[in-house]
Amino acid sequence: MRKFRVLKNAVKAICRNPTRTFLTTLGIVIGIAAVIALMEVGAGAQKALQNSVASMGVNTIRVWPGTIVRGGVSTGAGARANLTMTDVEGIMKNCDSVARVSPIVSVRGQIIYGGKNWSPFSINGVSADYLEISGWEIEEGEPINQRQVDRGAKVCLIGATIVRELFDGENPVGKGLRIQNVVFKIIGVLKAKGANMMGMDQDDCVIAPWTSVKARLKGAGSTSVTSASSSTTTTTTSTTTASSTYTEGVSLYPPVSNSNMPPVRFANVDSLVVEAKSQEDLYKAVEEVSASLRETHRLAPDVTDDFNIRTMAEFTNFLTQQTKTTTNLLLCVAFVSLVVGGVGIMNIMLVSVTERTREIGLRMAVGARARDILRQFLIESIVICIFGGIVGILVGHGTSLALSKFMGWPVSLSYSAIALSVGVSALVGVVFGYYPAWKAARLDPIEALRYE
Amino acid sequence: MSLIELKDIKKTYVMGDILLPVLKGLSLKAEKGEMLALTGVSGSGKSTLMNILGCLDRPTSGEYWLDGAEVSKLDNDARAMVRNRKIGFVFQNFNLLARTSALENVIMPLGYTASHMSEKEMVEAGKAMLERVGLGDRMDHEPSRLSGGQQQRVAIARALVNKPQILFADEPTGNLDSHMSDEILDIFREINANEHVTIILVTHEPDVAHRAKRIIKLVDGEIADDVILEPTR
Ligand SMILES: Nc1ncnc2c1ncn2[C@@H]1O[C@H](COP(=O)(O)OP(=O)(O)O)[C@@H](O)[C@H]1O
Ligand SMILES: [Mg+2]
């Protein structure tokens, strides 16, 4: 009841000089607005990061060929081209923590449909498990199945960007897409994922069976295909141009069970993507995959790995750390402006105490104790600061909304930032309001009443 | 027992090395319901004495018995309490809160101790006081829209809202013309007569002093004269 009365008086006192109150709070408003906007943009970036990590697969492990160091010259990652399907089979057989494995064979090149052409960001050859591993969903049509992989069928899936660029409003499913002059039948469209954390458009992609990419497209893998397959490539390529059945063709990659004949193998794949059974199993899976690869590569115990294993987690941690550091730095700047705002409050409160000396004397004469005066001025300063804080929250939230609208920055409402801001502004009010309030409370009623 | 009893009150201001004795051993008694005027030339120590009587200041030495209690040695908070419960002040320059309605000015003192009163009761008390001083139709007016006499009446209402036993008025008519002064003094007499509030009026004007029932004249910090004009019933 009394507390409420004091609060009411404080609000009244503040409302008696609205212009000054507004100017006083400006520092706090700016400080809090900066904190809120930064926290929201930071939280948005963080969330976008999590989303894109999820979209890239949280449980996934990438395996790249290792570097060759010859005479002190590193040839760079992937130079060895030593990952093969044997490794894939080895991993599937040996690693308990692994759920799925897919090879990846990448090519670059133009794709053509109708009169339009486009150079997609990626054209990847993969196995049937790839969609699951990478978290792709099918918007329309069918995923790639094992049979198509086994047979090297000329089928493909395309991402939303390609649909947009090449097919204006047309349904791409069932159409023929020319990739490097080889026509692949589009069997499905991938559900849009958006940009990944490096800002690359993940939907700008073509996904096809790895066998088809390896055998039929130029520049797949670091070394050329074996003679066995290259001859097949030529034949099928020539047939495609003539015939129209995409899915038929020779069995390029018969099932392993067919042991009496040596499997037709292609020299290598560019990389492997491995999915652990769960996020907890990720590190165990890394160990197991590493052991399995050393076995299939027949590496002696003292030889270093001829492959590189990367998990998404490392990358994510790095990026998260980076985002956090940046946000924290900016927050420091915002807090400096809060302190400056606080000094502004102190200044105005001191002026206010001087101006209201007679009022203070009067209040003391009618029975206000020193602590009543202290409380009055302290609460006024806290109310001003919280008011500034609330305006700051609105301004900051508005700013971050504007940023998300006009700059396309991801933002997310941060309740902790709001709670923190209210707390911080109240604290600023206490810290910077205390000295003026204390000065007011120390006044001598007789002197104060006589003050002109 | 008297309402007010001063025993050998001394007040000496210290200004650097110089001691400035203002009240030089002053004793006096005042009863409940008295209306007395403190007069004397400027600088004779009237305000100093009033500040001690009003528990705004402490004497350097001596005893001050107020309503049966020794109050001269009380600390700041305790004196604030005494002021709130027993004493009302009216000042020469009114001392109203600017940009605050007459009503809110009047109920301001209640905010400090009247925690037993609800907001509504406080407003009722304030309204009653304003009506008492003849400003029932000016409740919402801010001081800037009131004449000097009206402002002083608001100040009197404020001084009385706590139902004090004693009302101190330091040169209450100093800023008013003679017509308004008469009005204010009439109100004081009325309050004194009807509510039996003890009134101590500080003034250097003989006309004003003569509206009181008893006149105490200070010369150089000592009581030079103590005249009863009308006996207090
Ligand atoms: N705070 C103070 N410090 C020093 N001297 C003071 C103080 N207050 C009053 N005086 C001196 O005490 C004397 C009496 O002052 P005051 O009580 O205000 O007289 P009056 O009200 O009768 O004019 C004056 O000489 C004044 O200068
Ligand atoms: Mg005086």
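For a residue to count as touching a neighbouring chain, one of its non-hydrogen atoms must lie under 4.5 Å from one of that chain's; by this rule Arg371(A) touches chain B with the side chain only. Contacts between Asn51(B) and chain A at a heavy-atom distance below 4.5 Å involve the side chain alone, from C-beta outward. With a 4.5 Å cut-off on non-hydrogen atoms, Glu104(B) touches chain A through its side chain but not through its backbone. Heavy atoms closer than 4.5 Å to chain A are found nowhere in Ala159(B), neither backbone nor side chain. With a threshold of 4.5 angstrom between heavy atoms, Arg158(B) approaches chain A through side-chain atoms but not through N, CA, C or O.
Residue with the most contacts toward chain B among Asp444(A), Asn9(A), Asn17(A), Ile446(A): Ile446(A) (heavy-atom pairs, distance under 4.5 Å). Annotation: maximal heavy-atom pairing with chain A below 4.5 Å, among Ile87(B), Asp57(B), Val161(B), occurs at Asp57(B).
For the pair Asn84(B) and Arg369(A), the minimum side-chain heavy-atom distance is 4.5 Å or more. At a threshold of 4.5 Å between non-hydrogen side-chain atoms, the residues Arg16(A) and Thr100(B) count as touching. Annotation: side chain of Leu362(A) is in contact with side chain of Met108(B) (closest heavy-atom distance under 4.5 Å).
Using modelled atom types and a 3.5 Å distance limit, the side chains of Tyr112(B) and Arg363(A) yield a donor-acceptor pair.
Sparse packing is recorded around CZ of Phe22(A), with 12 or fewer heavy atoms of other residues, nucleotides or ligands lying under 6.0 Å away.
The two residues Ala80(B) and Ala368(A) have their closest heavy-atom pair at CB-O, 3.8 Å. Minimum interatomic distance between Ala370(A) and Asp77(B) (heavy atoms only, all atoms of both residues): N-OD1, 4.0 Å.
Leu56(B) CG to Glu447(A) CD: the interatomic distance, rounded to the nearest 0.5 Å, is 12.0 Å.
Within the 3.5 Å criterion, the main-chain N or O of Val366(A) finds no donor-acceptor partner in the side chain of Arg83(B).
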Would Asn93(B) and Arg358(A) count as a side chain to side chain contact (heavy atoms under 4.5 Å, CB included) here? Give the steps. CA-CA 10 Å; Asn93(B) 48 18; Arg358(A) 281 249 298 275; 3.7 Å; yes
